Amino acid sequence: MSNQIVRPARTLQGSLTLPGDKSISHRYAMLAGLAQGTSRLANFSTGADPHSTLSCMQTLGAQVDKSDSQLVSVTGTAGQWEPGNFTLDCGNSGSTMRMIAGLIASHPGTYTLIGDHSLTPRPMERIRKPLSQMGAEIHLTEGHAPITIHGRPLQAIDFTTPIPSAQVKTAILFAGLQAEGTTTIAEAIRTRDHSEHALRAFGATLTRSRTGLLEHLSIPGQQKLTAIDATVPGDLSSAAFFLCAALLFPDSNLVLDSIGLNPTRSALLDVITALGGKINILNVEEQYGELIGTIQVNRSPGPLRGIDISGALTAQLIDELPVIAAIAPYTGEGIRIRDAAELRVKESDRIALVAKNLSAMGAAFTEFEDGLDIPGNQQLHGAKIDSGSDHRIAMAFSIAALRATGETEIDGAEAAAISFPEFFTHLTSLCPC
Ligand code: S3P
């Protein structure tokens, strides 16, 4: 375990280009591995998780070339590989495990999906149920990994997702792409739509419609994919740490180039504005359905305000909630988060770990089963932070440390590399002590 010391900072100033979005990198890696031809993926995520996906695709027979540091090339399997016994090591990555289950379930062979100590106990019934309805033979171990799949032909289903989850939606879309018939998925709360854009990018057709509150996605089966050349947009969920940090200093000025601005991911920008940040978006362009632009942020004069986060907004901010909670004590009116029970089954129980680390830094708050109430106008002090080996907890409390009194020690700081290996280097360059 490596520890990292974070000292109080005077300001946050500078400009950065960030590595590619983790969610998009996973999807491009999986679909490139399934497609015919060689996909060239520039600005692929440097995080360990999407590289777990690349290794799994390699195990299935895709050729992955990382020799050019600017580009990952994936030569796909054209949708076919020799049946065999495959062990797919998904590392720490729930996205890899859930989405790849859908991708492989119709392919002859036996697959064992394993993960690390954090991924192994995470709930997998959410993918077992729809995939079994499609005819997949999928066995969990007491509701979680290891997962065994015996590949066989799948049939289309109509499925309404009971919890908002882009990973579950994607598992069904990837299975539906290769099933017999047209699969339809309905979502009451719209989740990130990178899979929809990525599938179209690789040549698949799918349609979207709405009845009342439900969004319906329909994907005809037995479609073939063709390789693409693409640049992965910078990761807004990684940018979130520095965007929130920029709020903490009255004279901050931060410019982030080529960041993904997909509207199903960008609710954080509304939160930053609601709290008192000033955001300019420049140079917006679109690639394969994904919006990309430059974000410039600084802080409006006066105290930071507060915000209530619940319902659909909670689902849209799910990965950003730890850092939002970590800066809440420094706001003027505090932050209240509800409907966030999913946070308890992420890479760690993120509600419990946010609560533990806020306490360590001397903050008052109330913990609920599905969220936290964190009053504002609190001064935190440096402390030893327990990352719980969770990348977003390690990074969130490094941001809280910037405005604390005294130094903070992040225990298990190396977890940041799961999504953002460059995090501490960038933090040091942006925030002089
Ligand atoms: C992700 C979806 C979210 C998110 C995760 C990445 C994705 O998970 O928390 O970090 O890439 O689809 P859920 O689908 O479990 O909400």
Side-chain angles (χ1 to χ4, degrees), residues 20-31 44-45 47-53 56 90-103 115 118-119 121-130 144-145 159 161-174 185 187-199 217 232-233 235-241 260 262 264-268 290 311-324 337 339-351 354 370 390-396 415-416 418-420:
D21 184 84
K22 178 161 90 67
S23 291
I24 298 174
S25 296
H26 279 301
R27 287 152 171 87
Y28 283 0
M30 284 187 202
L31 297 181
F44 193 84
S45 167
D49 272 6
H51 287 266
S52 293
T53 293
C56 290
C90 305
N92 190 250
S93 175
S95 298
T96 306
M97 188 170 275
R98 294 187 178 128
M99 303 195 302
I100 216 166
L103 194 88
S118 146
L119 176 55
R122 292 181 63 189
M124 293 294 151
E125 178 60 22
R126 54 186 66 191
I127 53 148
R128 193 204 62 79
K129 196 170 169 211
H144 52 72
F159 192 81
T161 50
I163 39 163
S165 167
Q167 294 172 355
V168 173
K169 172 176 69 176
T170 303
I172 303 168
L173 281 173
F174 286 0
I185 305 157
E187 288 191 298
I189 293 181
R190 191 151 178 233
T191 60
R192 62 189 74 189
D193 63 1
H194 302 304
S195 300
E196 295 87 310
H197 292 306
L199 280 161
L217 280 170
V232 182
D235 195 323
L236 182 57
S237 296
S238 297
F241 298 101
N262 180 316
T264 62
R265 285 286 294 288
S266 60
L268 176 75
E290 297 287 352
L313 186 57
T314 297
Q316 281 154 19
L317 288 168
I318 198 75
D319 290 339
E320 288 72 63
L321 291 174
V323 67
I324 292 171
I337 299 169
D339 305 320
E342 270 293 301
L343 282 183
R344 293 201 182 272
V345 290
K346 290 290 178 186
E347 286 83 329
S348 67
D349 177 341
R350 286 184 173 159
I351 294 180
V354 166
D370 70 340
D390 182 329
H391 54 130
R392 297 204 199 277
I393 299 294
M395 293 187 277
I418 287 295
S419 59
F420 194 7

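In each ligand, atom 1 is the first atom listed, and ligand 1 is the first ligand listed. Given the structure is predicted, the values throughout are model-derived calculations rather than measurements.
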With rounding to the nearest 0.5 angstrom, report the OG to NE2 distance, Ser45 to His51.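 Reported value, rounded in 0.5 Å steps: 5.5 Å.
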Atom pair CD1/OG1 of Ile318 and Thr191 - distance to nearest 0.5 Å: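 Rounded to the nearest 0.5 Å, the CD1-OG1 separation comes out at 11.5 Å.
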Output the list of atoms in ligand 1 that are nearer than 4.0 Å to some heavy atom of [X], sorted by atom number.
| X | result |
| --- | --- |
| Asp319 | 4 (C), 5 (C), 9 (O), 10 (O) |
| Ala166 | 12 (O), 14 (O) |
| Arg98 | 15 (O) |
| Ser165 | 13 (P), 14 (O), 15 (O), 16 (O) |

What I'd like to find out is whether the side chain of His197 reaches to under 4.5 Å of the side chain of Thr264, using heavy atoms alone.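 No, side chains not in contact.
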For a 4.5 angstrom cut-off between non-hydrogen side-chain atoms, does Phe174 reach Ile100?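 Not in contact.
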Measuring from non-hydrogen atoms of [X] to any atom of ligand 1, is the shortest distance under 4.0 Å?
| X | value |
| --- | --- |
| Ile318 | yes |
| Lys346 | yes |
| His194 | no |
| His26 | no |

Establish, from distance only, whether the side-chain atoms of Ser348 and Asp390 form a donor-acceptor pair under 3.5 Å.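 Note: Ser348 and Asp390 side chains meet the donor-acceptor criterion.
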Checking His391 against Ser419 for the side chain to side chain donor-acceptor pair (under 3.5 Å) test, could you report, in this order, the C-alpha distance in whole Å, the side-chain angles of both residues, the deciding distance, and whether it holds? CA-CA 7 Å; His391 54 130; Ser419 59; 2.7 Å; yes
For ligand 1, which part of Ser95 has a heavy atom less than 4.0 Å away: the side chain, the backbone, both, or neither?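 Side chain only.
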Dump the intermediate steps for side chain to side chain donor-acceptor pair (under 3.5 Å) on Thr170 and Arg98, then the final yes or no. CA-CA 8 Å; Thr170 303; Arg98 294 187 178 128; over 6 Å; no
Just distances here: any N/O of Arg27 and N/O of ligand 1 closer than 3.5 Å?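 Checking ligand 1 against Arg27, an N or O pair does fall under 3.5 Å apart.
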Does the N or O separation between Ser23 and ligand 1 drop below 3.5 Å for any pair?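 For ligand 1, there is an N or O atom that lies under 3.5 Å from one belonging to Ser23.
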So, Asp319 and Arg192, do they make that salt bridge, N to O below 4.0 Å?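 So Asp319 pairs with Arg192 through a salt bridge.
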